[in-house]
Amino acid sequence: MDIPDKDLLAPGHRGCAGCGASIAVKLALNALGKNTVAISATGCLEVMTTPYPETSWEVPFIHVAFENSGAVASGVESALRIQGKDDVNVVAFGGDGGTVDIGLQSLSGAMERGHNMLYICYDNEAYMNTGIQRSGATPYGASTTTSPKGSASFGEDKPKKNMPMIMAAHGIPYVATASIAYPEDYVKKVKKAAETKGPAYIHLQQPCTTGWGYASEKTIEMGRLAVETGSWILYEIENGDFEITYRPEERKPVKDYISVQKRFKHLDEEQINKIQKYVDAHCKELGL
Amino acid sequence: MIIHDKCMEEKLMIEIRFHGRGGQGAVTAAELLAKAAFKDGKYSQAFPFFGVERRGAPVMAFTRIDTEPIALRYQIYNPDHVLVLDDGLLNVVDVFSGIKDTTEVIINTKTFEGSGEHTVNSIDATGVALDMLGRNIVNTIILGYFAKKTQIVSIESLLEVIRETFPGKVGELNVEATKKAYDMG
Amino acid sequence: MIKEVMTANKAVAEAVRLAKPQVIPVYPITPQTTISEYLAQYVADEKIDAKYIKVESEHSAISAAVGASGAGVRVFTATSSQGLMLMHEILFAAAGMRVPIVLADANRAISAPLNIWNDQQDSIAQRDAGWLQIYVENAQEALDSTLMAYKISENSNVLLPSMVCLDGFILTHTVEPVEIPDQESVDKFLPPYVPEHAFLDPNEPMTIGSFADTNYYIEARHDMEIAMNNSIEVIKKTCDEFAEIFGRKYGLVDPYKTEDADIIFVAMGSLCSTVRVIVDQLRENGEKVGLLKIRAYRPFPVEEIKEVIKDCEKLAVIDKNFTFGIGGALYADMKVKIDKEIYGFIAGLGGRDITPDSIMEIYEKTKEPVQDVTWIGLKEE
Amino acid sequence: MVSIGCVIKTPGNSKINKTGSWRTFKPILDKEKCIDCDNCIIFCPDSSVNKQHDIDYDYCKGCGICAHECPSDAIEMVKE
């Protein structure tokens with residue numbers, strides 16, 4: 001992989017030790033290069049990288065609110081293009097909350113209108129910025145502060161919203177899933193998205209040490225386990241053509257992935273089996 | 001409304017109320033009249049009774065014409081002229097509401113003769129419209145008749161505005177129909 | 001310069017065409033809709049060289065406007081009522097980010113009950129967002145104020161967005177003669193927007209919309225207060241420049257026959273036209289009465305108001321909005337800043353027609369007051 | 001005094017914030033064992049490993065990802 005002389009997300013940011021979001025953004029920016037304008041939804045990323053008067057961004061950056069990064073990016077993209085700046089990459093980042101929940105309408109509008117931009121959802125599967133509340137991307141069984149385990153609850157009672165397929169249904173030219181644990185695959189997809197004329201969407205799984213409950217050194221390992229167990233599947237949909245971009249040699253049991261995270265610690269065998277069945281069905285559906 | 005009447009008198013403002021049904025072009029008629037008066041060198045204003053009614057429902061529109069700039073910004077309650085685009089409305093709304101002794105009323109009808117209480121002029125605008133336009137859109141026709149009867153706007157300005165508003169063949173057909181109605185006045 | 005009969009919505013669209021914004025994100029809503037339609041057509045016909053963003057909501061309209069303005073171009077958007085309410089959050093963000101957006105609001109009542117007619121509760125509810133608010137009386141003023149709004153907002157001593165407020169239907173759907181300035185004169189008055197404080201350019205990366213903690217936030221908000229205060233002088237200067245080129249003179253306030261008046265009506269927007277006619281009528285009857293039209297509601301021109309009303313006995317403030325337990329918002333502001341005998345009147349909510357009789361009633365109730373705040377035209381049963 | 005709209009015109013100036021002070025364990029690289037896979041560079045959330053695999057302790061928060069992802073066990077986490 002190409003290593004740049006200088007990262008476009010500077011150190012000194014306030015991300016947790018072992019933060020996956022900063023890895024996600026660093027890799028994306030390095031793939032896109034300096035000729036890029038970044039937009040961010042409110043969330044961990046924005047708060048930890050822009051505490052006035054400091055910024056970690058080496059590229060132009062704008063943040064407005066939580067639910068509107070799709071629309072803000074639409075405005076930025078339109079303004080750049082009308083000024084003849086056709087070669088500038090426009091990339092928007094949103095967490096899972098800002099993407100699959102509160103920002104869905106704004107993002108859907110942006111995708112539908114065909115702006116030449118890339119939207120990256122860095123999905124850590126809950127509202128981490130405010131202290132681990134569930135989102136539409138929180139997986140089945142995960143305990144969060146708003147989907148807690150309890151005497152009458154085993155945690156989140158609904159599976160994760162299938163956001164990449166919702167984006168694909170917009171008929172946009174490029175949709176992909178990715179993981180920070182597979183940087184070459186991710187970077188390749190970011191570059192492909194940047195070259196795509198029109199809207200592109202990448203749904204990136206990004207483990208979170210604080211929210212998931214694992215030791216900080218295991219951020220990449222968690223991402224790898226998600227993919228190796230089939231809990232997160234790497235694929236791309238290019239002009240409607242679906243393709244799996246990484247196939248584990250042998251799919252590991254889901255238990256290997258969830259038993260090492262605090263958010264799933266409370267689950268019993270029956271519930272784990274249920275998750276295994278759900279993962280099996282999803283893998284079958286996508287041909288993994 | 002004593003104050004209102006007095007100001008009318010002194011400023012010689014003319015207030016016109018249109019009654020029609022949604023889709024018949026009453027609002028457009030009010031605007032065409034305002035634009036024609038403006039072309040004649042007068043000040044004018046036109047606005048609809050702002051409703052949520054859909055096609056077919058009774059609607060109102062208003063025009064004010066004056067030799068001075070118009071400041072009044074409320075609906076017309078005591079019109080000097082009333083134009084009724086559809087005689088079917090006579091059974092549904094009180095088109096004579098608030099009219100004065102001097103108010104002149106023009107109704108698109110074949111049958112209505114008036115009650116003798118008010119000055120009522122009838123024109124079979126629908127007949128003209130079906131004959132010349134091929135459909136029952138009477139707004140320009142009734143304006144042609146109004147122009148002749150009242151001499152408030154010139155036929156030249158009215159025809160010019162109709163041409164500007166409806167370019168092409170539709171405009172020319174409307175111009176011919178309006179001329180015909182003018183001659184009937 | 002040409003003169004045409006048109007609605008205030010068309011007049012706003014004409015002003016936008018002349019101001020040459022480069023990005024126009026707009027979402028239709030009654031009674032603003034025809035603005036969005038005219039602008040779409042102008043872009044389709046290449047009368048404006050702009051990107052028209054067909055956003056899916058007002059929230060996205062204002063968000064895209066902030067994004068585009070942040071990227072360094074002149075921007076226009078327009079809305080009304082529920083749409084403005086949906087924008088509420090981002091209105092504050094736009095002002096705080098100091099992006100000089102111009103927005104036209106077709107004033108309309110707020111739900112519930114659902115109502116599409118005119119009052120000014122929608123924009124009044126945004127009074128603390130940090131936007132300049134200009135209330136216009138007719139279509140000509142709507143056009144002129146839109147042009148001036150860009151020049152005022154883009155002034156480096158201001159850099160706050162502007163809202164041009166025009167009464168729904170009463171102005172937006174009423175045709176009347178309007179002078180349309182020529183492009184050359186407008187270009188002279190309003191040069192292209194050249195942002196210095198914020199723009200998105202890879203050659204000069206900056207971070208816009210940062211996170212400010214307890215050490216900085218209050219200063220940032222205080223700076224907005226200073227900018228709002230600065231805008232008073234900028235508005236005056238801009239009005240002078242406008243008058244010089246286009247011959248029409250506006251101010252922060254517009255007094256009418258107030259010099260020797262005992263009672264002065266205070267009002268905003270289209271209502272002022274009818275009030276002026278009533279002032280003339282009352283004057284003929286020997287009543288010493290005048291009108292103070294407030295054009296700029298934010299910034300609130302305290303000194304200019306004081307100057308106009310200094311010798312009068314009483315003020316009759318007419319609001320097309322209200323704040324619970326207080327009266328109208330304009331009334332409340334006047335009570336706070338003006339040391340006079342002031343009476344408040346709530347009128348015209350949800351499009352109830354304000355007739356000469358309504359204004360006469362207000363006059364009588366100011367002459368012989370029975371209470372501080374009176375709702376006008378309430379049906380008895 | 002804050003800038004207009006709190007716009008920050010000094011890209012990447014978060015470098016003034018030395019996050020190395022957050023660290024309780026410190027990664028020590030044995031260059032002898034290093035096989036130049038660059039995992040420590042790629043996965044570092046704080047951009048604290050340069051192309052020569054030197055660790056910048058000004059910013060390293062001691063998360064341990066580099067040590068954990070090192071295929072040749074060339075990095076050891078040591079208590080500060």
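Note on naming: letters A, B, ... go to the chains in the order of the sequence lines (proteins, then strands), and numbering restarts at 1 for each one.
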**Complete:** So, the part of A:Asp5 with a heavy atom under 4.5 Å from chain D: the answer is both
**Message:** Just verifying a value: how many Å separate D:Lys61 NZ and A:Ser216 OG, rounded to the nearest 0.5 Å?
**Reply:** 11.0 Å
**Enclosure of D:Lys15 NZ (heavy-atom neighbours >12, cutoff 6.0 Å)** = yes
**Request:** Give, as side chain, backbone, both or neither, the part of D:Tyr59 having an atom under 4.5 angstrom from any heavy atom of chain A.
**Result:** side chain
**Message:** Using a 6.0 Å cut-off, check whether atom NZ of A:Lys192 has over 12 heavy atoms from anything other than its own residue.
**Reply:** yes
**Request:** Compare all side-chain heavy atoms of A:Glu54 with those of D:Ile16 and state whether any distance is below 4.5 angstrom.
**Result:** yes
**Complete:** Note: vs chain A, highest number of non-hydrogen pairs under 4.5 angstrom among D:Phe25, D:Phe43, D:Trp22 is D:Phe43
**Request:** Check each atom of A:Ile220 against the heavy atoms of chain D and say whether the ones under 4.5 Å are side chain, backbone, both or neither.
**Result:** both
**Prompt:** Which heavy atom of A:Gly18 sits nearest a heavy atom of D:Cys63, and at what distance?
**Reply:** N-CB, 3.0 Å
**Complete:** What one should report as the nearest heavy-atom pair of A:Pro11 and D:Asp46 is CB-O, 3.1 Å
**Prompt:** Does atom NZ of D:Lys51 have more than 12 heavy-atom neighbours, drawn from other residues, nucleotides or ligands, at distances under 6.0 Å?
**Reply:** yes
**Fill in**
Rounded to the nearest 0.5 Å, the CD atom of A:Glu58 sits from the CG atom of D:Asn13 at a distance of 9.0 Å
**Item:** CD (D:Glu80) with more than 12 external heavy atoms under 6.0 Å
**Value:** yes
**Complete:** On a heavy-atom basis, the closest approach of A:Thr50 and D:Ile8 is O-CD1, 4.5 Å
**Side-chain heavy-atom pair A:Arg14, D:Asn17 within 4.5 angstrom cut-off** = yes
**Check against side-chain contact (heavy atoms from CB on, under 4.5 Å), D:Ile42 and A:Met1** = CA-CA 9 Å; D:Ile42 292 165; A:Met1 221 172 93; 4.0 Å; yes
**Request:** Output, in order, the C-alpha distance, side-chain angles, deciding distance and verdict of side-chain contact (heavy atoms from CB on, under 4.5 Å) for A:Glu217 and D:Glu69.
**Result:** CA-CA 8 Å; A:Glu217 73 271 17; D:Glu69 295 304 319; over 6 Å; no
**Message:** For the interface with chain A, which of D:Cys6, D:Pro11, D:Pro45 has the highest count of heavy-atom pairs at distances below 4.5 Å?
**Reply:** D:Pro45
**Request:** Would you name the heavy atoms of D:Ser14 and A:His13 that are closest together and state the gap between them?
**Result:** OG-N, 4.0 Å
**Request:** Might you point out which heavy atoms bring D:His68 and A:Lys218 nearest each other, and give the distance in Å?
**Result:** NE2-CG, 3.8 Å
**Prompt:** Which bit of A:Leu9 comes within less than 4.5 Å of chain D, counting heavy atoms only: side chain, backbone, both or neither?
**Reply:** backbone
**Fill in**
Turns out that what part of D:Val2 lies under 4.5 Å from chain A's heavy atoms comes down to both
**Item:** Within 6.0 Å of NZ in A:Lys85, more than 12 heavy atoms from elsewhere
**Value:** yes
**Prompt:** Is it the side chain or the backbone of A:Ala181 that comes within 4.5 Å of chain D heavy atoms, both, or neither?
**Reply:** backbone
**Message:** Quick check: closest heavy atoms across D:Ser3 and A:Tyr52, and the distance to 0.1 Å?
**Reply:** N-OH, 2.8 Å
**Message:** Would you say NZ of D:Lys9 has more than 12 non-hydrogen atoms from neighbouring residues, nucleotides or ligands within 6.0 angstrom?
**Reply:** yes
**Prompt:** What part of D:Lys18 lies closer than 4.5 angstrom to a heavy atom of chain A: side chain, backbone, both or neither?
**Reply:** neither
**Request:** Can you tell which part of A:Leu8 gets under 4.5 Å to a heavy atom of chain D, answering side chain, backbone, both or neither?
**Result:** neither
**Asked** If you draw a 6.0 Å radius around CG in A:Asp2, do more than 12 non-hydrogen atoms from other residues or ligands fall strictly inside?
**Response** no
**Prompt:** Is it the side chain or the backbone of A:Pro4 that comes within 4.5 Å of chain D heavy atoms, both, or neither?
**Reply:** backbone
